[in-house]
Amino acid sequence: MSDQSHKSHRSRQSGPSANKKKKDSGGAEKKNPKAFAFNSSVKAKRLQSRDAEKEQRKLHVPKEDRATGEPAPYVVVVHGPPKVGKSLLIKSLVKHYTKHNISEVRGPITVVAGKQRRVQFVECPNDINSMIDAAKFADLVLLLIDGSYGFEMETFEFLNILQVHGFPKVMGVLTHLDKFKDVKKLRKTKQRLKHRFWTEIREGAKLFYLSGLIHGKYPKREVHNLARFISVMKHYPLSWRTTHPYLLVDRLEDVTPAEMVRLNKKCDRNITLYGYLRGCDLVRGSKVHIAGAGDFDLAGVTTLVDPCPLPSAAKKRGLRDKEKLFYAPMSGLGDLLYDKDAVYININDHLVQFSNVDDNGMETRKGNDNDVGQVLVKSLQNTKYSIDEKLEQGSIDVYARKSPYLESENNGDAKDLLIRSENSKEREGEQGFPSISVQGNFDTTSGEGLSGKDKAVEGNNTYKSDPEDSDEESDYSQQDQFEKDDHNPFNYDLKEEVEFHSGRQRRKAISSSYEDNTNTEDSEGDDAVDSSSESSGESEDDLTLEDCEVGVSSKWKEHLSGRSMSRWNTNLDELVYGQPSLKSLKAVQAAEGSSESEDDDGDVFIPKGEREKKLSEKPGYENIDAECSSKLVNKAAAVDWSSEDLRMCIRERFRAGGKSSDDGGKGETDYGDFEDMESGKVYKNPLKKDDEESKSYDPEIEERRLKKLALREQFEKQYPFCYQMKKKMRTRAASSTAINLMMVVFLTK
Ligand SMILES: Nc1nc2c(ncn2[C@@H]2O[C@H](COP(=O)(O)OP(=O)(O)OP(=O)(O)O)[C@@H](O)[C@H]2O)c(=O)[nH]1
């Protein structure tokens with residue numbers, strides 16, 4: 001009996017007795033508060049600000065969940081200068097999530113990243129239009145930076161575009177760190193880049209380090225760390241996006257009847273676009289804007305089976321291999337393809353048995369190339385590619401695959417090659433590559449823009465351009481064009497230095513306020529940087545726009561309002577989409593012309609009826625070419641505000657109690673007496689007084705009124721219940737009027 005072991009007492013974790021103990025535990029602190037007070041004022045200040053920050057973070061505007069069913073995948077945009085490793089990072093991340101290798105990154109790639117999370121990876125090409133498009137749908141941006149080279153202009157261009165699109169979350173990733181042979185130099189570079197990144201984004205912004213390549217891929221451990229952050233990161237949807245429906249197209253198909261295309265190759269096409277709907281519901285029959293293409297009518301919306309569903313809600317840790325789904329139709333991946341009216345099953349050739357083999361190893365039925373089933377399957381498989389090819393030839397290019405730089409390199413662009421071949425022989429910089437230094441602020445408004453002839457000389461890596469060299473000049477002139485461009489957003493302290501490095505042209509971003517090239521000798525900070533892949537920052541859910549504005553803010557964020565004012569008069573649509581079509585131009589010009597002539601001549605010289613005629617000639621929304629309707633000034637401009645009926649209609653909306661418009665203006669002056677509540681004085685309305693006086697002089701009316709009052713009094717005495725009911729109804733009617741008024745105000749806000 002004595003050997004019997006007893007279970008040890010387990011103290012209560014919850015309930016009243018646990019709470020009682022918790023209260024008791026804080027006794028010492030309460031009894032002797034001075035002993036627990038702060039010794040250092042700095043520490044106290046830090047703790048105080050941390051508490052305040054935590055409080056602020058809690059004060060997020062409550063998120064309205066408009067989504068029905070599973071939330072759409074989060075879009076992770078991977079951006080960086082050419083050849084920085086964007087595709088490789090996406091491939092590594094997809095491999096991590098799905099255990100599949102993808103050969104090519106094209107279009108969005110959807111993967112299941114967790115039990116409750118799907119992620120869509122999109123590579124952002126290196127042209128401004130693509131950057132603008134990507135900024136519109138990005139939930140998280142991975143900014144890739146070549147660690148061996150430093151910051152390039154592409155990064156700042158994209159940051160600036162993000163700024164005007166609501167600024168989603170941003171994380172930095174440093175690549176090409178294996179190019180450093182000296183560990184000390186690597187550590188210092190990491191530290192320098194980290195601080196510069198913090199200056200540009202915010203203090204403590206996340207920065208990952210990818211130390212190099214192992215078998216042509218980034219190290220598994222480092223990719224795992226990055227993937228973990230992506231999977232658990234909190235998302236606060238941008239308010240504009242939650243109230244507008246939008247769709248990131250992951251597949252498109254031309255469904256125009258083949259006969260129509262055969263008869264007229266330039267006929268209007270019907271295109272089906274596939275993608276996850278985000279924001280809110282899409283209204284049937286509404287107009288949709290396709291970035292870079294214009295406004296189009298929506299023929300219909302259909303719900304399809306989710307091609308990449310979230311795993312079942314069963315309670316188990318982690319994902320099973322079967323659940324690690326992915327969907328990348330543009331990259332030619334995924335076994336199932338869901339169409340509007342069909343499901344395609346992709347069968348690889350090595351899985352198809354073309355011929356039967358008997359016991360002796362002889363073929364009983366030889367596979368035939370003309371086999372109907374085989375041909376059918378092959379033609380089905382080929383259909384997809386032929387449509388893609390068709391669309392590639394078309395003018396809509398949603399995902400440019402190659403950056404202009406790459407294309408120019410591959411095509412052996414005359415200018416690039418010329419400069420490279422000539423200069424590489426003549427002058428060699430530090431790294432064996434010549435460079436062209438384009439100096440000076442991009443402050444074009446001050447008229448200090450550079451011409452091709454006065455390029456400044458800077459450092460070892462630079463040289464003075466030869467004014468005689470026409471080829472070089474033509475190359476510079478492109479650069480000058482950019483600098484002289486009034487709409488260039490970087491007209492502050494950023495300098496661009498164009499040079500050839502690692503076999504390609506690069507645009508180094510040099511900040512005059514930040515000494516990019518200084519090798520800080522402080523040994524204190526060195527310890528803070530870990531050479532392993534790590535993240536710098538406190539928590540992952542703090543990269544919001546509000547946060548970005550706190551703490552160290554970069555120069556590129558300053559004077560934003562000033563710059564936007566200076567851009568007020570420019571036609572952004574034209575900048576992005578090019579020249580408007582002739583038809584819409586004429587319509588707009590006609591409208592402008594009419595308004596100008598009105599201004600010039602004045603109303604006196606316009607014959608009666610002519611004004612109405614001119615107004616009717618204004619470009620209506622319907623008159624504009626469907627393709628170019630996005631370039632129309634706006635729909636409101638097409639509404640004729642001079643119409644009295646329209647104005648009256650709007651005025652009526654603001655009226656409470658349904659006062660009809662046929663008071664003839666009497667309503668406006670029909671005020672009652674004003675009683676000063678404080679002094680108790682009553683001020684009579686002089687207009688009303690006259691009116692009453694004139695009324696009181698009419699003996700007939702007065703007699704009738706008295707009769708009425710007597711009758712009512714008699715009735716109320718007889719039926720007190722009815723009187724109470726009437727009173728109640730009157731008060732209810734008054735309160736409903738108030739509610740109506742409130743609703744109108746709310747709706748019109
Ligand atoms: N040594 C080294 N090479 C890298 C690293 N990251 C990428 N690369 C190489 O850089 C080359 C370009 O990589 P990509 O992934 O195609 O780069 P990208 O940014 O997608 O290029 P574009 O799409 O053409 O702009 C590949 O050959 C990679 O192997 C790195 O960290 N170290």
Side-chain angles (χ1 to χ4, degrees), residues 76-96 101-109 121-131 133-134 138 141-155 157-158 171-183 185-187 189-190 193-194 197 207-227 328 330-331 397-413 416 431 433 500-509 531-534:
V76 179
V77 168
V78 181
H79 176 270
K83 294 283 175 201
V84 75
K86 298 185 288 288
S87 317
L88 193 62
L89 182 65
I90 293 179
K91 282 178 198 169
S92 303
L93 283 167
V94 171
K95 170 85 183 173
H96 167 84
N101 285 311
I102 50 169
S103 53
E104 192 191 5
V105 177
R106 280 192 75 190
I109 299 174
F121 293 107
V122 185
E123 184 179 336
C124 179
N126 265 304
D127 58 287
I128 290 285
N129 289 339
S130 308
M131 287 189 207
D133 294 348
V141 175
L142 295 182
L143 273 185
L144 264 65
I145 300 145
D146 186 339
S148 68
Y149 184 75
F151 281 89
E152 291 174 60
M153 285 308 287
E154 282 85 354
T155 307
E157 280 164 7
F158 193 53
M171 285 202 303
V173 181
L174 287 188
T175 60
H176 289 86
L177 295 177
D178 52 330
K179 288 192 180 162
F180 289 95
K181 297 285 174 268
D182 184 3
V183 179
K185 201 177 170 194
L186 169 70
R187 209 188 305 149
T189 313
K190 271 182 173 181
L193 290 175
K194 183 178 81 177
F197 188 69
L207 186 64
F208 282 87
Y209 307 114
L210 297 177
S211 58
L213 299 180
I214 299 174
H215 306 304
K217 286 256 165 71
Y218 292 120
K220 271 189 183 172
R221 189 77 244 155
E222 293 168 6
V223 173
H224 175 86
N225 286 348
L226 178 61
M330 282 197 190
S331 302
D397 194 359
V398 181
Y399 297 100
R401 276 172 302 159
K402 297 280 176 193
S403 65
Y405 301 95
L406 203 64
E407 274 166 16
S408 66
E409 266 177 40
N410 289 348
N411 300 340
D413 188 296
D416 274 6
Q431 308 235 2
F433 292 101
F500 287 99
H501 186 280
S502 305
R504 71 171 180 86
Q505 191 186 32
R506 289 182 183 225
R507 298 188 294 138
K508 197 176 181 104
S531 61
S532 65
S533 169
E534 57 160 24

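In each ligand, atom 1 is the first atom listed, and ligand 1 is the first ligand listed.
- Of all the listed residues (Asp178, Leu210, Val78, Asn126), Asp178 holds the heavy atom that lies closest to atom 2 (C) of ligand 1.
- Side-chain N or O atoms of Ser87 include none that pairs as donor or acceptor with a backbone N or O of Val105 at under 3.5 Å.
- Between Lys194 and Tyr209, the closest side-chain pair of non-hydrogen atoms falls below 4.5 Å.
- Checking Glu154, Lys83, Glu123, Lys86 against atom 23 (O) of ligand 1, the nearest heavy atom belongs to Glu123.
- When the options His176, Lys179, Lys217 are ranked by their closest heavy atom to atom 31 (O) of ligand 1, first place goes to His176.
- The distance from the OH atom of Tyr218 to the CG atom of Leu88 is 4.5 Å, given to the nearest 0.5 Å.
- Considering only residues two or more places apart in sequence or on other chains, Lys217 meets the side-chain hydrogen bond (donor to acceptor under 3.5 Å, both in side chains) condition with Asn101.
- Among Gly85, Gly216, Pro219, Ser92, the residue whose heavy atom lies nearest to atom 17 (O) of ligand 1 is Gly85.
- Contacts of Leu88 with ligand 1, taken as heavy-atom pairs under 4.0 Å, involve both backbone and side chain.
- Against a heavy-atom cut-off of under 4.0 Å, Tyr218 is close to the following atoms of ligand 1: 5 (C), 6 (N), 7 (C), 31 (O).
- None of Val76, Leu207, Leu226 except one satisfies the side chain to side chain contact (heavy atoms under 4.5 Å, CB included) rule with Met171; the exception is Leu226.
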